[in-house]
Amino acid sequence: MSRAAERLKLLISHLDRSPAAIRGAPTSAQTLTYSSHPQRLRYSLDTDLLTPEQRLFYEENGFILIKNLVSEEDIDKFRKEFERICRQEVKVPGLVVMRDVAIVKSEFVPDQRAVSKLQDFQEDPELFRYCTLPQILKYVECFTGPNIMAMHTMLINKPPDAGKKTSRHPMHQDLHYFPFRPVDRIVCSWTAMEKVNRQNGCLVVLPGTHKGTLQEHDYPEWEGGVNKMYHGVRDYDPQHPRVHLEMEKGDTVFFHPLLIHGSGMNQTQGFRKAISCHYASGDCYYIDVKGTTQENIEKEVKEIAARKYAVDGEITFKDTWAFRGRLVQGERVSL
């Protein structure tokens, strides 16, 4: 038995340990590689980039954190473009500018303090450059294969909590929003634009929940209100061990769309920024969500799209995604 095979066997034997013992940052961008290939696993593809340890960690936990993947120079450029958009110096077609529900009720401030999130920035060349970074795509390919579509883009500007706990994001599964499959060929990249910790509302993940099924989602009944489109899992085990993903500027986490995750309140006076993109294989295909737990999000998305684009007639859930999707590598096959 080769040294790599022995190491793989040892790693598999360790996967029975409690998720509570899992560290949030198991790997870095600079990792050792091995001469022999890992066994065929469900959740990742063999591209010779991920080590056996990395593939097995993702297999068991549904996420992997890569340290220092995006340069400080790039992040600073993304931040400057975000600020330009907030000052309304640039107009981006199709961009959705969101404000925290607690901020909406206060006096409007025309700068980044009024914005909690940008969605659908695919028409902004500078921000969309994040989705095409070679160092990001080489990891994405480990999960999607060579044909890669950028499907959903976000820049999150989590505001200081206004005392209503509305800066929280309920625990959810991203697949709830996606009418395409197969699920294992979808992945999110989420990059910290500054130091992210428990104080300013880092991501919280429930390791291993990607092995389950898509759960029913709806708006949680929070006293201070809930932000638009912030659906949460109706029923999950609150005792499930959780990991708080504390990250440095430029660190990037890749995670499975069934992984249950959310984020806590921002208890600081600053804004916690991150930029992310959901990718899918160009070979993925659309499904009809009628009769499934996704009917509620389909209805809400279609209503928003009809108002946003002032289009007469029927807009399908598929249409809203086909419009946003952009090919970033390989061929656009089905999406």
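Note that these values count all heavy atoms, side chains included, but never hydrogens, waters or copies made by symmetry.
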State, to 0.1 Å, how close C131 and A150 come at their nearest heavy-atom pair, and which atoms those are. CB-CB, 4.2 Å
Between E246 and K195, does any NZ, NE, NH1 or NH2 come within less than 4.0 Å of an OD or OE carboxylate oxygen? no
Any chance you could measure E248, atom CD, to N197, atom CG, to the nearest 0.5 Å? 9.0 Å
Determine the minimum heavy-atom distance between P207 and L259, stating which atoms define it. CA-CD1, 4.3 Å
So L65 and T252, do their side chains get closer than 4.5 Å, heavy atoms only? no
Salt bridge check: are K138 and E141 linked by an N-O gap of less than 4.0 Å? no
Under the criterion salt bridge (charged side-chain N to carboxylate O under 4.0 Å, His left out), I'd like the reasoning laid out for E83 against K80: C-alpha separation, chi angles, the key distance, then a yes or no. CA-CA 5 Å; E83 292 171 355; K80 288 178 181 176; over 6 Å; no
Which of parallel (below 30°), tilted (30 to 60°) and perpendicular (above 60°) describes Y58 and H256? tilted
What's the separation between atom CG in L133 and atom OG in S189, rounded to the nearest 0.5 Å? 9.0 Å
Flag the pair F78 / E126 as yes when at least one side-chain heavy-atom distance between them is below 4.5 Å, and no otherwise. yes
Whether the side chain of Q119 engages the backbone of H152 through a donor-acceptor N/O pair (distance < 3.5 Å, no angle test) should be reported. no
Please evaluate residues N157 and K273 with respect to the criterion side-chain hydrogen bond (donor to acceptor under 3.5 Å, both in side chains), reporting the C-alpha separation (whole Å), side-chain torsions for both, the decisive distance (0.1 Å), and the verdict. CA-CA 5 Å; N157 188 45; K273 291 181 176 61; 2.9 Å; yes
Can you tell if the side chain of D184 reaches within under 4.5 Å of the side chain of F143, non-hydrogen atoms only? no
Mutual orientation of the aromatic rings belonging to H172 and H261 [parallel < 30°, tilted 30-60°, perpendicular > 60°]: tilted
With heavy-atom distances below 4.5 Å as the criterion, would you say the side chains of F128 and E123 are in contact? no
Expected output: side-chain Q173 to main-chain L258 donor-acceptor under 3.5 Å: yes
Within 6.0 angstrom of E331 CD, more than 12 heavy atoms from elsewhere: no
Looking at P159, is its backbone amide N or carbonyl O close enough to the side chain of R272 to form a donor-acceptor pair, meaning the two atoms are under 3.5 Å apart? no
L245 vs V196 side-chain heavy atoms within contact, under 4.5 Å: no
Nearest heavy-atom pair of D48 and D46: which atoms, and what distance? N-OD1, 3.4 Å
For D74 and S71, indicate whether the former's side chain and the latter's backbone hold a donor-acceptor pair under 3.5 Å. no
Minimum heavy-atom separation for D283 to S334, with atom names? O-OG, 3.7 Å
Distance (rounded to the nearest 0.5 Å) between S281 OG and I148 CD1: 8.5 Å
Approximate separation, where rounding is to 0.5 Å, of L127 CG and L118 CG: 7.0 Å
Dump the intermediate steps for side-chain contact (heavy atoms from CB on, under 4.5 Å) on L214 and Q294, then the final yes or no. CA-CA 9 Å; L214 181 59; Q294 292 181 263; 3.7 Å; yes
Linking I/L/V/M/F/W/Y whenever their side-chain heavy atoms sit closer than 4.5 Å, directly or via other members, would L56 and L45 fall into one cluster? no
Distance (rounded to the nearest 0.5 Å) between M193 CE and E72 CD: 11.5 Å
Begin with the C-alpha distance, continue with both residues' side-chain angles, and end with the deciding distance and a verdict on side-chain contact (heavy atoms from CB on, under 4.5 Å) for H240 and T209. CA-CA 9 Å; H240 192 292; T209 49; 3.8 Å; yes
Is the gap between the ring centers of W321 and F180 under 6.0 Å? yes
Considering non-hydrogen atoms only, spot the tightest contact between E194 and F271 and give its length. OE2-O, 2.9 Å
So do the side chains of W190 and L203 get within less than 4.5 Å of each other, counting heavy atoms only? yes
Looking only at heavy atoms, which two atoms of C142 and L49 are closest? And how far apart? SG-CD2, 3.8 Å
Please step through side-chain contact (heavy atoms from CB on, under 4.5 Å) for the pair F254 and I66, ending with a clear verdict. CA-CA 8 Å; F254 297 89; I66 307 298; 4.0 Å; yes
Say whether, by atom type as modelled, one donor and one acceptor occur between the side chain of N296 and the main chain of K299 under 3.5 angstrom. no
Taking side chain as C-beta onward, heavy atoms only, is M149 less than 4.5 Å from R326? no
Measure the CZ-CD1 distance between F255 and I186 for me, rounded to the nearest 0.5 Å. 12.0 Å
Sidechain-backbone polar pair: R242 side chain, Q239 backbone, donor-acceptor under 3.5 Å: no
Is there a side-chain contact between R129 and K77 in this structure, where contact means two heavy atoms from C-beta onward sitting under 4.5 Å apart? yes
Between F121 and I85, is the side-chain contact (heavy atoms from CB on, under 4.5 Å) condition met? List the steps. CA-CA 10 Å; F121 58 66; I85 292 171; 5.9 Å; no
Taking N68 for the side chain and G250 for the main chain, is one N or O donor matched with an acceptor at less than 3.5 Å? no
E89 atom CD, over 12 foreign heavy atoms within 6.0 Å: yes
For G264, does its backbone N or O pair with a side-chain atom of K158 as donor and acceptor, under 3.5 Å? yes
Please check if the side chain of R185 supplies one atom and the backbone of R181 the other of a donor-acceptor pair under 3.5 Å. no
Check the pair E295, T293 against side-chain hydrogen bond (donor to acceptor under 3.5 Å, both in side chains), reporting the backbone distance first and the verdict last. CA-CA 6 Å; E295 273 193 314; T293 61; over 6 Å; no
I'd like to know if the side chain of N61 reaches the main chain of F57, judged simply by a donor and an acceptor atom lying under 3.5 Å from each other, with no hydrogens or angles considered. yes
Linking I/L/V/M/F/W/Y whenever any side-chain heavy atoms sit under 4.5 Å apart, do Y285 and V333 land together? no
Is there a side-chain hydrogen bond (donor to acceptor under 3.5 Å, both in side chains) between K302 and T316 once you walk through the steps? CA-CA 7 Å; K302 286 168 65 176; T316 69; over 6 Å; no
Before accepting this row, confirm whether a basic side-chain N of the pair K249/D76 lies closer than 4.0 Å to the acidic partner's carboxylate O. yes
When you look at T153 and Y130, which way does the side-chain hydrogen bond (donor to acceptor under 3.5 Å, both in side chains) test go after all the steps? CA-CA 9 Å; T153 53; Y130 167 80; over 6 Å; no
